[in-house]
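Each residue takes its place number in the sequence, starting with 1.
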Amino acid sequence: MNVFYEEDGSFKVATIQDEQPASLQVEDTRGKRSKIKAANVLLKFDKVSLDDFFKAAQAEAAEVDVTLLWECCGSEELSFAAIAAEYFGKNPSLVQQAAAAIALHAAPMYFYRKGRGNYKAAPEENLKAALAGQERKQREAEQMAAWQAELQAGILPEAFVPMLAKLIHRPDKNGLEYKALAAAADAAQTSTLRLLDKVGAIPNIAQYFLDGFLVEHFPKGRGFAEFEPVTAPEDLPIANVKAFSIDDATTTEIDDAFSLEKLKNGNWQVGIHIAAPVLGIAPGSALDQVVLDRLSTVYFPGDKITMLPDDAVNVFTLEEGAARPAVSMYLEVSLGFDILSYRSVIERVPVVANLRHHDIEPYFNEETAGQDVPDYAWKDELNFLWHFAGALEGRRGKADQPQQTRMDYNFYIDRDVVDGAETEKVRIVPRKRGAPMDKLVAELMILVNSQWGKELRDAEIAGIYRSQGGGRVRLSTQATAHAGLGVECYMWSSSPLRRAVDYINQQQLVAMLRNEKPRYQKNDAELFTAISSFDAAYAAYAEFQDKMERYWCLRFMEQENLKDFNAQVIKENLVRIDGMPLVMRVGGLPELPAGTTVALQRLNIDYLDLTVEMRLARM
């Protein structure tokens with residue numbers, strides 16, 4: 001005797017070897033023996049072989065009209081045998097009964113299983129919905145196959161174009177487009193990003209990196225919402241000084257300026273003037289929230305994303321030809337460059353010049369600073385402040401330290417339109433670190449930031465300090481020493497147009513100078529939140545800037561057709577390329593002492609990975 005039974009969601013046939021009330025020992029066509037539950041047996045048959053019976057049942061099931069079978073069932077729950085009788089007529093054969101069971105099991109949209117061998121026809125509305133869903137899935141499968149074929153043929157599907165940014169940077173992995181893309185990438189044994197690049201979906205790699213950064217950190221876009229017009233207070237006293245700033249040509253957020261006046265007693269008054277946006281932005285206002293959301297200006301070659309909208313920046317930037325709100329620190333300095341007194345005031349400062357590095361550096365540089373050279377604009381002021389900066393550096397214990405010759409690099413992207421197409425050319429301009437202008441500005445900023453930090457500390461007003469100990473720099477509310485700078489405490493307060501930490505500290509400083517209640521109290525949870533958020537954002541923005549500078553270094557190599565380079569070994573196979581801020585690893589580089597100069601030859605550039613393959617040419 002043979003049995004037709006169900007096991008693990010499929011139908012099988014076997015010959016009974018031994019039968020018990022609840023179980024059977026059976027043997028299949030391959031001679032494999034197994035134990036099955038008696039309840040799983042649907043039919044028993046003899047006089048026909050296992051193979052013949054099963055093949056006949058499958059063939060009969062293939063001929064079953066599933067729609068007619070569904071119509072035969074009515075709305076009642078029936079056994080497979082009863083349904084077979086409805087479909088095939090009274091007394092269906094064992095093969096027909098088995099065929100009915102197979103057909104019923106194979107059509108779950110038409111028939112709901114109600115226990116072993118029992119089924120119920122799906123309600124008409126449910127069946128229609130299921131069939132519509134099946135049809136939709138079929139259409140989707142056909143569409144995905146068509147997209148996949150296009151991608152594999154090197155064609156970007158038209159439907160992908162309006163959603164490329166999302167597909168590249170934040171794809172919906174359940175979406176049809178991504179599924180087709182992933183399938184095509186798997187078939188091509190590559191990544192989805194590489195495949196998109198191959199089909200021309202990433203025509204501008206720099207824009208690709210920028211879009212990815214914006215998706216992550218500026219999901220609402222880099223623009224600003226509408227704000228109430230920002231105005232500067234006009235009731236502030238106007239300082240009797242002629243202030244000037246020193247910045248790169250591309251700087252628009254001019255935070256700091258300086259002034260120098262001869263006093264009647266023979267000493268000098270040095271003014272350090274810091275733009276004061278907090279005087280026009282109310283705490284808790286929409287624009288104030290923008291500062292606390294953005295936290296910093298984002299810099300990268302050829303562009304920047306400002307912390308404040310241009311309309312607000314234009315009100316407070318220390319632009320020449322205007323008297324702008326500022327928090328000023330005035331120092332009385334002796335002829336020997338000793339500081340005799342400090343005082344800080346809130347005022348409007350007349351700015352008479354915005355000096356730019358490229359204009360001043362030909363006249364005021366390492367060879368000419370402090371020397372008897374022909375006159376040039378602002379010569380006396382620059383030289384006095386440079387001597388003063390040297391004295392400040394000495395008092396910090398840094399003047400006698402050996403200076404490493406390190407270079408800074410400014411990136412400029414020259415964009416043009418040629419034959420209707422936009423072109424981009426990168427210029428990388430080196431500047432020796434520690435040039436007189438840099439030293440002058442840096443020392444005065446260290447002075448004002450450390451002095452204001454001490455004043456807030458002594459007034460017991462909360463602030464955000466920047467300290468260094470054990471080689472680690474961190475932000476905190478504790479006014480501890482900054483070992484690297486050689487000062488007892490230090491805070492960022494001189495760039496309130498560009499950094500939220502400086503903006504917050506300026507709010508506290510203004511409250512102190514006005515003898516008002518400060519916005520933030522000690523141990524204020526909002527202050528700790530701001531520190532944490534700023535740390536994370538500042539690190540992410542710096543990482544993005546490094547990435548973009550690396551990209552433009554690689555573009556510069558290709559643009560100038562540079563094949564051969566000198567590099568300095570940092571450690572192991574890590575080197576720094578001469579002439580640009582590019583650090584990279586060189587495969588196969590032998591172990592060499594740090595500082596060793598090696599000659600390298602460029603092979604391949606990979607812009608997506610931001611890597612360049614180099615080989616050692618000679619040592």
Side-chain angles (χ1 to χ4, degrees), residues 1-16 19 22-142 144-145:
M1 181 62 69
N2 303 318
V3 291
F4 172 77
Y5 66 99
E6 184 182 351
E7 185 178 67
D8 297 331
S10 62
F11 297 104
K12 299 177 182 179
V13 291
T15 300
I16 298 174
E19 186 171 0
S23 64
L24 293 82
Q25 291 284 346
V26 298
E27 183 179 293
D28 64 16
T29 56
R30 297 171 297 172
K32 180 182 178 182
R33 294 195 173 196
S34 57
K35 183 179 180 180
I36 64 173
K37 293 179 180 180
N40 290 353
V41 175
L42 301 179
L43 295 170
K44 291 183 179 181
F45 63 95
D46 57 7
K47 300 179 182 179
V48 62
S49 71
L50 297 177
D51 275 347
D52 288 345
F53 181 88
F54 199 62
K55 288 178 180 178
Q58 288 179 316
E60 188 75 55
E63 297 297 323
V64 169
D65 184 335
V66 177
T67 303
L68 179 59
L69 186 65
W70 176 79
E71 292 173 350
C72 291
C73 286
S75 60
E76 300 298 321
E77 179 182 327
L78 299 171
S79 69
F80 74 95
I83 296 172
E86 292 290 334
Y87 182 81
F88 291 106
K90 285 187 177 182
N91 301 317
S93 68
L94 293 176
V95 168
Q96 288 173 329
Q97 291 181 51
I102 294 171
L104 289 164
H105 193 76
M109 288 189 300
Y110 287 82
F111 307 99
Y112 299 155
R113 187 177 178 192
K114 296 293 183 179
R116 190 80 61 187
N118 293 333
Y119 295 88
K120 182 178 180 180
E124 183 176 2
E125 60 273 17
N126 292 19
L127 178 59
K128 287 182 178 179
L131 290 173
Q134 184 183 50
E135 184 180 352
R136 185 189 72 251
K137 288 180 180 178
Q138 179 62 29
R139 290 196 306 269
E140 290 175 349
E142 292 171 355
M144 285 167 45

Pair Tyr119, Cys73 - check side-chain contact (heavy atoms from CB on, under 4.5 Å), show working.
CA-CA 9 Å; Tyr119 295 88; Cys73 286; over 6 Å; no
Shortest non-hydrogen contact from Leu131 to Tyr110?
CD2-OH, 3.7 Å
Interatomic distance, Phe4 atom CZ to Ile102 atom CD1 [nearest 0.5 angstrom]
4.5 Å
Quick check for you: to the nearest 0.5 Å, what is the distance between Ser34 atom OG and Glu27 atom CD?
9.5 Å
Is the backbone N or O of Val48 less than 3.5 Å from a side-chain atom of Asn2, with the two atoms forming a donor-acceptor pair by type?
yes
What is the distance from atom CZ of Arg113 to atom CD of Glu77, rounded to the nearest 0.5 Å?
11.5 Å
Is Gln97 reaching over with its side chain to a backbone N or O of Pro92, donor-acceptor style, under 3.5 angstrom?
yes
Which atoms form the tightest heavy-atom contact between Met109 and Leu127, and what is the distance?
O-CD1, 3.5 Å
Within the supplied structure, the quantity of interest is the number of heavy atoms (other residues, nucleotides, ligands) at a distance under 6.0 Å from Glu125 CD; does it exceed 12?
yes
So do the side chains of Phe88 and Leu69 get within less than 4.5 Å of each other, counting heavy atoms only?
no
Closer than 3.5 angstrom, by distance alone: can the side chain of Trp70 be matched with the main-chain N or O of Ala122 as a donor-acceptor pair?
yes
From CA spacing to verdict: side-chain contact (heavy atoms from CB on, under 4.5 Å), Glu19, Lys44:
CA-CA 12 Å; Glu19 186 171 0; Lys44 291 183 179 181; 2.7 Å; yes
For Tyr112 and Asn126, work out which heavy atoms get closest and say how close.
OH-ND2, 3.2 Å
Leu43 versus Ala98, closest heavy-atom pair with distance:
CD1-N, 3.7 Å
One pair to check against side-chain contact (heavy atoms from CB on, under 4.5 Å): Val13 and Phe45. What are the steps and the verdict?
CA-CA 10 Å; Val13 291; Phe45 63 95; 4.2 Å; yes
Please state whether the rings of Phe11 and His105 are parallel, tilted or perpendicular, taking 30° and 60° as the class boundaries.
perpendicular
Closest heavy-atom contact between Phe53 and Leu94?
CZ-O, 3.8 Å
Which side-chain hydrogen bond (donor to acceptor under 3.5 Å, both in side chains) pairs, counting each pair once, include a residue from residues 54-68, with sequence neighbours left out?
none
Rounded distance [0.5 Å steps], CD in Glu6 versus CG in Leu42:
6.0 Å
Any donor-acceptor N or O pair under 3.5 Å, side chains Gln138, Gln134:
no
Find the distance between CG (Leu24) and OG1 (Thr15) and round it off to the nearest 0.5 Å.
11.5 Å
So, for Ala107 and Val66, which heavy atoms are closest and what is the spacing to 0.1 Å?
CB-CG1, 3.8 Å
Is the shortest side-chain N to carboxylate O distance from Glu7 to Lys12 below 4.0 Å?
yes
Separation of Ile83 CD1 from Asn118 CG (nearest 0.5 Å)
8.0 Å
